[in-house]
Q: 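I have a structure I would like to understand better, so I am pasting it below and will then ask my questions one at a time.
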Amino acid sequence: MLDIKLIRSNPDFVKERLSTRDKAYSKMIDEILAVDEERRALIKELEDLKAEKNRISKQIGVLFREGKKEEAEKAKEEVHAKNKKIDQLERELKDVEKRFNYLLLSVPNIPHPSVPVGEDEEENVEIRRWGEPRRFDFEPLPHWDIGEKMGILDFERGAKLSGSRFTVMYGYAAKIERALISLMLDLHTKKHGYTEVWTPVLVKPEILTGTGQLPKFEEDLYKVCDEDLYLIPTAEVSLTNLHANEILKEEELPKYYTAYTPCFRREAGSHGKDVRGILRQHQFDKVELVKIVKPEDSYNELEKLVKEAEKVLQLLELPYRVVELCTGDLGFSASKTYDIEVWVPSQNRYREISSCSNTEDFQARRAKIRYKDKEGKNHFVHTLNGSGLAVGRTLLAIMENYQRKDGGFDLPEVLKKYM
RNA sequence: GGAGAGGUGGCCGAGCGGUCGAAGGCGGCUCCCUGCUAAGGAGUUGAGCGGGUUUCCCCGCUCCGAGGGUUCAAAUCCCUCCCUCUCCGCCA
């Protein structure tokens, strides 16, 4: 959520920056400003009335004590009248506030000035590459062929149990999945200073509002029936909201959290995209990294975060590149995002395996995560998140990059001790 | 799921219709005392929003688990919900 004070004091700046995402936001800002004005006028009127009412009410107490019954009764009537007006104004304000909040919650974050301006992923900027894509002396197979032939990936039965984009894994594949999770968690906790966390995967709507998935992206989420709970699309949701509505002490920062969780996404709007294999599933495993830091540190921390995620691919010796997302491809909550893309031989291109973002105070403001500085003043923290990494996609990358001519595949050296 | 108890400021804990944003204690901060430390003394110490002044000062509104209700007036009374604890039941 953007600071309404910023929108109020500098609407042109906000519009200009948001237009690099999409031109349509300009109109939205104007609407917000109009509703905000309406809202504040109502608040002023209401508060003046209440102040008056409170004053008289206190008097009534005094009058009764002094035995001035008649005067007290007269004052009662007066308050009665005020209450009627207050009631009406309060209803109006509630309406206006609802509209105001919805609008404000629907505005995306302002891209950092360093983010390249562009329309879509075509205009993302490659930052660096690591590793050489392997040259095969045979035609490399897609992982679904390898997996089915080996009898370790079962798409048919996945569909039987749950529908399309669900997969069953047996034996070797299931075990590698588990080994990868351990490898990643060990790396981040032992080498990068993260605290391992285990979280619920069902969360309340306000939690998803905190990180930005709601109210705008409800169609991407699974909601349980009979209860007001949603399945998390990423552990970023649970981890970041750990400190929702808290005021942290300055010396508690930074906080580094990592968690393995399954993630659930409806993949609405991705019909026909990546339908084969395990690249895009409704349920997938991910090890997530979340940082809660002081504002002045957040961009340094973002660079570190990307490198921490990259380290996993380096250990697994999988070739990858890092790209910086352009304004048009930036996620709703992010100010700046680096994607890590792993080499996928069967597609002859790099595919996203991690997304690392600094949301600055955008999520902190929604989730009310603050810290108290040495002078006792409260500030919003900055929150960052990144995949470290998407586990299913890592498995897929291993299967394809390490595949052999005989239809099997080798195991990266580091993984062997986890098997 | 059933029965009971309870949810108050950073923490503990009093208040049970007006004088309560809330006693008291602990903790934090400032000052005094002190050769230093400990002890002692004095003061101060919640958050959000709106407005004024424009800086860190003032004014107003709101917040005592959440939401409703009664009342001129609710932390205090009533209703609903949520959460915690104890016991029972069920269960991986």
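Numbered from 1 within each chain, the chains take letters A, B, ... in sequence-line order.
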Q: Between B:U71 and B:C58, how many Å separate the two P atoms, rounded to a whole number?
A: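 My reading of the P atoms in B:U71 and B:C58 gives 38 Å.
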
Q: Any strand counts, and the cut-off is 3.5 Å on both contacts for Watson-Crick or G-U wobble. Which nucleotide pairs with B:U70?
A: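 Its partner is none (no Watson-Crick or G-U wobble pair with both distances under 3.5 Å).
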
Q: Please state whether the phosphate of B:G68, meaning OP1 or OP2, lies under 4.0 angstrom from any side-chain nitrogen or oxygen of A:K94.
A: yes

Q: Decide whether A:Q213 and A:Y230 meet the rule of one side-chain donor and one side-chain acceptor closer than 3.5 Å.
A: no

Q: For A:N101 and B:C49, what is the distance between atoms CG and P respectively, to the nearest whole Å?
A: 12 Å

Q: How long is the line joining CD1 of A:I60 and P of B:U71, in whole Å?
A: 14 Å

Q: Paired with B:C11 by Watson-Crick or G-U wobble geometry, both distances under 3.5 Å: which nucleotide is it?
A: B:G25

Q: State whether a side-chain donor-acceptor pair under 3.5 Å links A:Q363 with A:T211.
A: no

Q: Return the pairing partner of B:A3 with a 3.5 Å limit on both distances, Watson-Crick or G-U wobble; otherwise return none.
A: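 Partner of B:A3: B:U86.
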
Q: Could you let me know what B:C56 is paired to, Watson-Crick or G-U wobble, both distances under 3.5 Å, or none if it's on its own?
A: none

Q: What does A:D48 touch in the nucleic acid at a heavy-atom separation under 4.0 angstrom: a base, only the sugar-phosphate, or nothing?
A: nothing

Q: Checking contacts here: which listed nucleotide (B:C72, B:G51, B:U62) is nearest the side-chain heavy atoms of A:V79?
A: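 Nearest listed nucleotide: B:C72.
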
Q: Under 4.0 Å, counting only non-hydrogen atoms across every strand here, what does A:K204 touch: a base, just sugar-phosphate, or nothing?
A: nothing

Q: Base, sugar-phosphate, or nothing: which does A:R8 touch, judged by heavy atoms less than 4.0 Å apart?
A: sugar-phosphate

Q: Provide, to the nearest angstrom, the distance between the CD atom belonging to A:Q59 and the P atom belonging to B:G18.
A: 18 Å

Q: Taking the side chain from A:H188 and the backbone from A:G388, do they hold a donor-acceptor pair closer than 3.5 Å?
A: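 Yes, because the side chain of A:H188 sits within donor-acceptor range (under 3.5 Å) of the backbone of A:G388.
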
Q: Which nucleotide in the set B:G48, B:G50, B:C72 lies at the smallest distance from any side-chain heavy atom of A:K76?
A: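 The closest nucleotide is B:C72.
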
Q: Quick test of your reading of the model: are A:K294 and A:E250 salt-bridged, counting only N-O distances below 4.0 Å?
A: yes

Q: NZ of A:K44 versus P of B:C49: gap in Å, rounded?
A: 17 Å

Q: Without decimals, in angstroms, what is the distance between A:D228 CG and B:A66 P?
A: 19 Å

Q: Would you mind reading off the distance between A:E45 atom CD and B:C49 atom C1', rounded to a whole angstrom?
A: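 Value for this atom pair: 17 Å.
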
Q: Among B:C61, B:G50, B:A47, which is the nearest nucleotide to the side chain of A:K5?
A: B:G50

Q: Below the 4.0 Å mark, does B:A73 have OP1 or OP2 next to a side-chain nitrogen or oxygen of A:N83?
A: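 Yes, because at least one side-chain N or O of A:N83 sits under 4.0 Å from OP1 or OP2 of B:A73.
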
Q: B:A74 P sits how many Å from A:K53 NZ, rounded?
A: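 After rounding, the reported distance stands at 6 Å.
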
Q: Please work out if A:R370 contacts a base, only the sugar-phosphate, or nothing of the nucleic acid, heavy-atom cut-off 4.0 Å.
A: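 If one applies the 4.0 Å heavy-atom cut-off, A:R370 turns out to touch the sugar-phosphate alone, with no base involved.
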
Q: In whole angstroms, how far is the C1' atom of B:G10 from the CG atom of A:N245?
A: 16 Å

